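These figures come from a predicted structure and were not determined experimentally. Below, read A as the first sequence line, B as the second, and so on, with proteins coming before strands; counting in each chain starts at 1.
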Amino acid sequence: MYARQVFLTVQNPDTFIFSNLIKSFSKCGYPHDAILLYQKMKTLGLEQSNFTFTSVIKACADLSALKLGRLVHSHAIISGFSSDLYVQSSLVSFYAKSGDLVVSREVFDTMPDRSIVAWNAMISGYEQNGFSKEAIDVFLEMRELGVQPDSTTFVSVLSACSHLGALNLGTWVQEYVIGNGFDVNVILGTSLINMFSKCGNVGRAREIFNGMRELNVITWTAMISGYGMHGYGNQAIELFYQMKAQGPKPNDVTFVAVLSACAHAGLVDEGRKAFDAMKKIYGFVPRREHHVCMVDLLGRAGFLDEAFQYIQSASGKPAPAIWTALLGSCKMHKNFDLGVKVAEHLLAEEPENPAHYVLLSNIYASAGRMDRVEMVREIMIKKGLKKQIGYSSVEIDHATYTFFMGDKSYPETTAIYQYLDELMRKLKNAGYVPEPEPVMFALEDEEGEFALRYHSEKLAIAFGLMNSSDGTTVRIFKNLRMCTDCHSAIKFISVVTDREIIVRDKHRFHHFKQGVCSCRDYW
DNA sequence: TTAGGGTTAG
């Protein structure tokens, strides 16, 4: 690095030069060098400035070096810079990036003056640690205090909307951005694309994509990924070809998006082609994500043996995620023998993951081996493992309503259940037959249907239908995957109510319209 | 000279 060489020639470097160099290292992705230089500065007995601290704290943030950062924080206090606006902002960001949100918030709360950067650091801090709701709460607090957001604020807020499926807030952000004459730069534009895709409106995402004056590899990848998660494999591939012809060079993440799009749409040949091109033409070494996609691509399409061979031929020990992908395919194709074999690998690797037991149990049940179902259940009880609790949510106006299975916590409970019972009657008249998913805890038939009827997504849909006008689309967000019965029931619901219903489950979107799902039952 | 932002599998 040029700066380093220049530095070495300088006699008696002072605080200004040190700070500048630390900043350069920190900015250019050499956090270790920045920290070494800071330590050198201390041994030389040079004074630090607020410029020194912001840069070195940023370097600690980049490394998530919590202990070291705490030490630097204490130096800043001793040197009297702990109430400096810039230093405090960098500390808010540092603690959040190192996973200590409590201290991050403490620093934020004690700031007498908060710049927009400090607000943004707090919002993105929550968001990047998975606290999307809290991120939005801080944003709302900021609005209440009359602080003007900038484009960085919106990027984090949009990211939170994507995670929560909060389409209404996301749409408000877009309107605000346009209405207030914000420049939609490439980062903000990409965030909008991502938000609309992940909130179920991929068409709107494409409109933004088309309207952007600058598109980089991340923008293209976000759009391809958007098509993929909606099951629009052909559009994803088409865009990928367009990217190759006139866009930036794809990166390895682009290939994850392409392969996943192919897997979800059953485009096996296209997927194989892309995977070969990735290795041979673009020179990327496949990572775990690519392997998972390939196993998923082959497995979903029914090439289970080939998928198994693929895993065995790959170098090194396969990651649990790769076995999980194959196990999912075994369940989908009801391949009992292979499923058990795969589950053995998986349970040896991750004996405490309840999802694996549930999947294995379902495979046993679909093969009619209820004795084995019982055995798996006993293991789970012995190990104290519990199924992850499923929930579904629906946005009505600007509020989000979340439902659990058999949820009776709402004041409208009686009406919701009456509406749902009536709906189920109509469904049955239209030809719907409940198909109990082989569930973990063997239930009697009637009980089984009872439980199915009140799955969280059905409650959320009922509530959504009751509280929206005819002809509008109902959007549901579910934290787990749908069961086959709900999938079938929602197809019928789209017919008898003449509504479009969009469900985002753990992995992808399902668009139900006139009795058909966009996934073509390939999921 | 300082602090804050976008894409990825199951």
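When rounded to the nearest whole Å, the span between CH2 of A/Trp220 and P of B/dT8 equals 17 Å. Rounded to whole angstrom, the span from the CG atom of A/Asn50 across to the P atom of B/dA3 amounts to 11 Å. For the pair A/Leu259 CG and B/dT8 C1', the computed distance is 10 Å after rounding to whole Å. Note: CG (A/Asn251) to P (B/dT7) measures 12 Å, nearest angstrom. Atom CG of A/Asn185 is separated from atom C1' of B/dG5 by 9 Å (rounded to the nearest Å). B/dA9 atom P lies 7 Å from atom NZ of A/Lys198, rounded to whole Å. Across the protein-nucleic acid pair, A/Leu85 atom CG and B/dA3 atom C1' stand 8 Å apart, rounded to whole Å. When rounded to the nearest whole Å, the span between CD of A/Gln48 and C1' of B/dA3 equals 18 Å.
Scanning atom types as modelled, one donor and one acceptor separated by under 3.5 angstrom connect the side chain of A/Thr190 and the base of B/dG6. Counting atom types as modelled, A/Ser55 pairs no side-chain N or O with a base atom of B/dA3 as donor and acceptor under 3.5 Å. Taking only distance into account, the side chain of A/Ser151 meets the base of B/dG5 through a donor-acceptor pair shorter than 3.5 Å.
The residue A/Ser115 sits close to a base: some heavy atom pair falls under 4.0 Å. Looking at heavy-atom distances under 4.0 Å, A/Phe16 makes contact with a base. Counting non-hydrogen atoms under 4.0 angstrom, A/Ala321 reaches a base of the nucleic acid. Residue contacts shown for A/Val92 are absent, as no nucleic acid heavy atom lies under 4.0 Å away. In this structure, A/Asp252 reaches neither bases nor backbone, as no heavy-atom distance under 4.0 Å exists between it and the strands shown. Note on A/Thr52: nothing from the nucleic acid sits closer than 4.0 angstrom, heavy atoms only. Residue-level contact check: A/Asp84 touches neither bases nor backbone, having no heavy atom under 4.0 Å from any strand.
Across B/dT7, B/dA3, B/dG5, the shortest atom-to-atom separation from the side chain of A/Gln128 is found for B/dG5. Comparing atom distances between the A/Tyr86 side chain and each of B/dT1, B/dA3, B/dG10 picks out B/dA3 as nearest. Residue A/Ser260 places its side chain closer to B/dG10 than to any other of B/dG10, B/dG5, B/dT7. Proximity note for A/Val256 (side chain, C-beta onward) versus B/dG6, B/dG10, B/dT8: the nearest is B/dT8. With B/dG6, B/dT2, B/dG10 as the candidates, the nucleotide lying closest to the side chain of A/Asn194 is B/dG6. Listed nucleotides: B/dT7, B/dG5, B/dG6. Nearest to the side chain of A/Lys97: B/dG5. Set against B/dA9, B/dG10, B/dG5, the side chain of A/Ile187 has B/dG5 as its closest nucleotide. Listed candidates were B/dT2, B/dT1, B/dA9. Nearest to the side chain of A/Glu289 is B/dA9.
Relative orientation of the A/Phe81 and A/Phe53 rings is tilted, given thresholds of 30° and 60° on the angle between their planes.
Residue A/Asn20 places none of its side-chain N or O atoms closer than 4.0 Å to OP1 or OP2 of B/dT1. A close approach under 4.0 Å does occur between a side-chain nitrogen or oxygen of A/His264 and OP1 or OP2 of B/dG10.
Here A/Phe240 and A/Phe255 bring their ring centres to under 6.0 angstrom of each other. Aromatic rings from A/Phe303 and A/Tyr310 are positioned such that their centres are separated by 6.0 Å or more. Taking the six-membered ring wherever Trp is involved, the centroid distance between the rings of A/Trp119 and A/Phe108 falls below 6.0 Å.
A/Arg105 forms no cation-pi arrangement with A/Phe131, by the criterion of a distance under 6.0 Å to the ring centre and an angle within 45° of the ring axis.
Heavy atoms of other residues, nucleotides or ligands lying less than 6.0 angstrom from CD of A/Glu47 number 12 at most.
We find that A/Asp62 and A/Lys58 are joined by a salt bridge, their nearest charged nitrogen and carboxylate oxygen being less than 4.0 Å apart.
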